[in-house]
Amino acid sequence: MDKNLIIYNSLTRKKEKFEPIKSPYVGLYVCGPTVYGDAHLGHARPAITFDLLYRYLKHLDYKVRYVRNITDVGHLENDADDGEDKIAKKARLEQLEPMEVVEYFTHRYHENMEALNVLRPNIEPKASGHIIEQQLMAEKIIEHGFAYEVNGSIYFDVEKYNEKHDYGKLSGRKLEDLQSNTRQLEGQDEKKNPFDFALWKKAAPEHIMRWPSKWSEGFPGWHLECSTMSTKYLGEQFDIHGGGMDLLFPHHECEIAQSTAANGKESVKYWMHNNMITINGQKMGKSLGNFITLEELFSGNHKLLEKPYSPMTVRFFILQAHYRSTVDFSNEALQAAEKGLERLLKAGKILQQLIAEKESTVNIDELKANCYQSINDDLNSPILIAHLFEAVRFIYLIKEGKEKINAKDLEQLKNLYQTFVYDILGLQEEQSDNSEFTSDLIDMILTLRLEAKKNKDFSTADKIRDELTKKGITIKDTKDGFEWEQN
RNA sequence: GGUCGGUUGGCCGAGUGGUUAGGCAGUGGUCUGCAAAACCACGUACGGCGGUUCGAAUCCGCCACCGACCUCCA
């Protein structure tokens, strides 16, 4: 298998050839969700983007360890001293144990991901399960002189760090600019500088998520969990770190600083960031309150939705845009995606019925090369899909006898479809909720209609078709029979 | 205000110095008892103004508009 993958590295702002640190092993870490609410369309973007990457890396025969965390502690509502953890806040509001909230939304997240055909990562660590490791990492950073303690809390000393290293290299910021631009929040008097960030926070008395430490009863800072868990499972240096663009600063910038401060070296070779999903041109997000949850999307139960959209439609919709572009939500776009996907999948079924001839009039080798070329180019899924629609055209032309295909090419085309449509893009047929009984019944009715047609009783035939159409069954008459499908 | 990115045909969305992206919608045709599906044909778009060039949507400059990050965020 030729390994010619090129990916855009946010750190260098260039496309680079992907070369693992220790081929064939690849370490992949992606920032997962904070489980204090249902996943929305925005969460589907990184999940699907890095699912595509994971699937393709595996296809290239790399041995991938994919780690995606669950953030269940350490997210402050704001950065003020009495900041309350998001999970704890939700728990207090609903009179639940924090872990109850975490379990509930983690399960729902998994259900959504499964519906979207997003593969499970190899390891899905939780921040709460790595408190000791986080404390050890904080200690290491203190030992190296890059953090300081105030009143039982530990803060990262950005200014000190920046003397030897480059804080801001990922996000392209300069410390002087941050100095003047970082927002001053109340209750931050503890910090030497407003841009310093917490590694450990002493818990206020009413704070329910707390762990003992040598400094205080408290909880770890948000940025620390990713550094700790990626190091633990992928080593001090690993290949790819992914996440949403909105995490680039400060989260990933802080991660770089922490790892470098603790281990003395850069931890990540390639940083990858997916762009945002927008709605009416604005970022979809929790804070703006303009999000549509995946649950709502699948059920159609939201005032902005004209109809429900299946998980595969959502997946295809996202894959039709390149991951580094924004993609704007609209009913029209979703419906276009729905139809396009239907065409692509239907052709896949017809492909299985094609009959090989002696010779080929279609160039499958070229098509295959084009598919690889597009996916290799920084996971250009929209171009890949455009090429797959070429395959769709071939399939129908062959079916109609306007083009021919030999056995070897037919086998190749089937492989191509399997590889790219199902394995790499991760698209699949929606499960039909038809029972065998219902299917048989419809077949029976249509057989009767066929007889009516033979007897030139077109009014009966049309009546049956009209009635079934009303029930959402589309009928297609073929030369000597019929086909049908449920909408 | 600082940093970064975007502006493509009715809609979505690629691309990038000279060649049809693709999907959806639309129009005409073929097929069909009629449909549906499919196939064929058709749209010649790149925010504005300058510049570089034989040639720019693609490079450069200015302007306009939109957005992201700078605070939690996928």
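We use all heavy atoms of the structure for the numbers below, so side chains are in, but hydrogens, waters and symmetry mates are not. These figures come from a predicted structure and were not determined experimentally. Order of the sequence lines sets the chain letters (A, B, ...), proteins ahead of strands, with each chain counted from 1.
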Given side chains that start at C-beta, do those of A:Leu388 and A:Leu384 come closer than 4.5 Å, heavy atoms only?
-> yes
Can you check the A:Lys454 NZ to B:C34 P distance for me, whole Å?
-> 18 Å
State the pairing partner of B:U20; accept Watson-Crick or G-U wobble contacts with both distances under 3.5 Å, and report none otherwise.
-> none
Any strand is fair game: report the nucleotide pairing with B:C59 by Watson-Crick or G-U wobble, both distances under 3.5 Å, or none.
-> B:G51
Sugar-phosphate only, base, or nothing, as touched by A:Asp462 at under 4.0 Å among non-hydrogen atoms = base
Out of B:C70, B:A38, B:A35, which nucleotide sits closest to the side chain of A:Leu178?
-> B:C70
Across the strands shown, which category fits A:Met276 at heavy-atom distances under 4.0 angstrom: base, sugar-phosphate, nothing?
-> base
Base-pairing assignment for B:G1 (Watson-Crick or G-U wobble, both under 3.5 Å) | B:C70
Euclidean distance for C1', B:A57 against B:C24 (whole angstrom) | 23 Å
Classify the nucleic acid contact of A:Leu247 as base, sugar-phosphate or nothing, counting any heavy atom under 4.0 Å across all strands shown.
-> sugar-phosphate
Atom pair distance, as rounded to whole Å: NZ in A:Lys283 and P in B:G67 = 14 Å
Among the nucleotides B:C39, B:A68, B:C11, which one has an atom lying closest to any side-chain atom of A:Gln282?
-> B:A68
Quick one: label A:His251 by what it contacts on the DNA or RNA (base, sugar-phosphate, nothing), any heavy atom closer than 4.0 Å.
-> nothing
Roughly how far apart, to the nearest Å, are B:G13 and B:U8 at atom C1'?
-> 9 Å
More 5' along RNA chain B: A:Arg45 or A:Asn380, using each one's nearest nucleotide?
-> A:Asn380
Indicate, yes or no, whether a donor-acceptor pair under 3.5 Å links the base of B:A36 to the side chain of A:Arg465.
-> no
What nucleic acid atoms does A:Gly42 come within less than 4.0 Å of, heavy atoms only: base, sugar-phosphate, or nothing?
-> base
Heavy-atom nearest pair, A:Arg315 first then A:Asn117, reads NH1-O, 3.0 Å
Which value, in whole Å, describes the distance between the C1' atoms of nucleotides B:A21 and B:U44?
-> 14 Å
Can any side-chain N or O of A:Thr326 pair as donor or acceptor with the backbone N or O of A:Asn275 at less than 3.5 Å?
-> no
Separation of A:Asp72 CG from A:Lys86 NZ (nearest 0.5 Å) | 14.0 Å
Proximal nucleotide (of B:A25, B:A37, B:A74) relative to the A:Lys339 side chain = B:A25
Distance, P atom - from B:G43 to B:G10, rounded to whole angstrom = 14 Å
With rounding to whole Å, what would you report as the distance between B:A37 and B:C46 at their C1' atoms?
-> 34 Å
Which of A:Tyr29, A:Phe50, A:Tyr66, A:Tyr54 passes side chain to side chain contact (heavy atoms under 4.5 Å, CB included) with A:Pro121? Answer is A:Tyr66
B:C65 - base-pair partner by Watson-Crick or wobble geometry, distances under 3.5 Å = B:G6
A:Ala461 vs A:Ala321, nearer the 5' end of RNA chain B by closest nucleotide | A:Ala321
Pick the C1' atom in B:C11 and in B:C54, then give their distance to the nearest Å.
-> 37 Å
What does A:Phe249 touch in the nucleic acid at a heavy-atom separation under 4.0 angstrom: a base, only the sugar-phosphate, or nothing?
-> sugar-phosphate
N/O donor-acceptor pair under 3.5 Å between A:Asn331 side chain and A:Leu305 backbone | no
Any chance the rings of A:Phe329 and A:His40 have centres within less than 6.0 Å?
-> no
What nucleic acid atoms does A:Ser325 come within less than 4.0 Å of, heavy atoms only: base, sugar-phosphate, or nothing?
-> sugar-phosphate
Among the nucleotides B:C69, B:G33, B:A38, which one has an atom lying closest to any side-chain atom of A:Arg449?
-> B:G33
Grab the CE-P distance between A:Met272 and B:A74 for me, whole Å please.
-> 19 Å
Give one of base, sugar-phosphate or nothing for A:Lys476, where a contact means two heavy atoms less than 4.0 Å apart.
-> base
Which is true for A:Lys453 with a 4.0 Å heavy-atom rule: it touches a base, it touches only sugar-phosphate, or it touches nothing?
-> base
Honestly, is A:Arg449 close enough over A:Phe482, meaning NZ or CZ under 6.0 Å from the six-membered ring centre and within 45° of the axis?
-> no
Rounded to the nearest angstrom, tell me the gap between atom CG in A:Leu334 and atom P in B:A25.
-> 14 Å
When the P atoms of B:C66 and B:A74 are considered, how many whole Å apart are they?
-> 27 Å
Any side-chain N or O of A:Arg393 less than 4.0 Å from the OP1 or OP2 oxygen of B:C40?
-> yes
Starting at atom CG of A:Leu388, determine the distance to atom P of B:A14, rounded to an integer number of angstrom.
-> 16 Å
Looking only at side-chain N and O atoms, does A:Arg343 come under 4.0 Å of OP1 or OP2 in B:C39?
-> yes
Report which part of the nucleic acid A:Val30 touches: base, sugar-phosphate, or nothing (heavy-atom distance under 4.0 Å, all strands).
-> nothing
Using 30° and 60° as the class limits, which term best fits the ring planes of A:His241 and A:His252: parallel, tilted or perpendicular?
-> perpendicular
Quantified in whole Å, what is the C1' atom distance between nucleotide B:C60 and nucleotide B:G23?
-> 34 Å
Mind checking A:Ala333 for me? I need base, sugar-phosphate or nothing, with any heavy atom below 4.0 Å counting as a touch.
-> sugar-phosphate
Between P of B:G5 and OH of A:Tyr8, the distance in whole Å | 7 Å
Compare the ring of A:Phe458 with the six-membered ring in the base of B:G33 and state whether they stack (centres under 5.5 Å, planes under 30°).
-> yes
Rounded to the Å, how far apart are A:Ile318 CD1 and B:A14 C1'?
-> 17 Å
For B:C31, which nucleotide in any strand shown is its Watson-Crick or wobble partner with both distances under 3.5 Å?
-> none
From CG of A:Asn274 across to P of B:G5 the rounded distance in Å is 18 Å
What nucleic acid atoms does A:Ile277 come within less than 4.0 Å of, heavy atoms only: base, sugar-phosphate, or nothing?
-> base
Could you tell me whether the side chain of A:Asp177 has a donor or acceptor atom within less than 3.5 Å of a complementary atom in the base of B:C70?
-> no
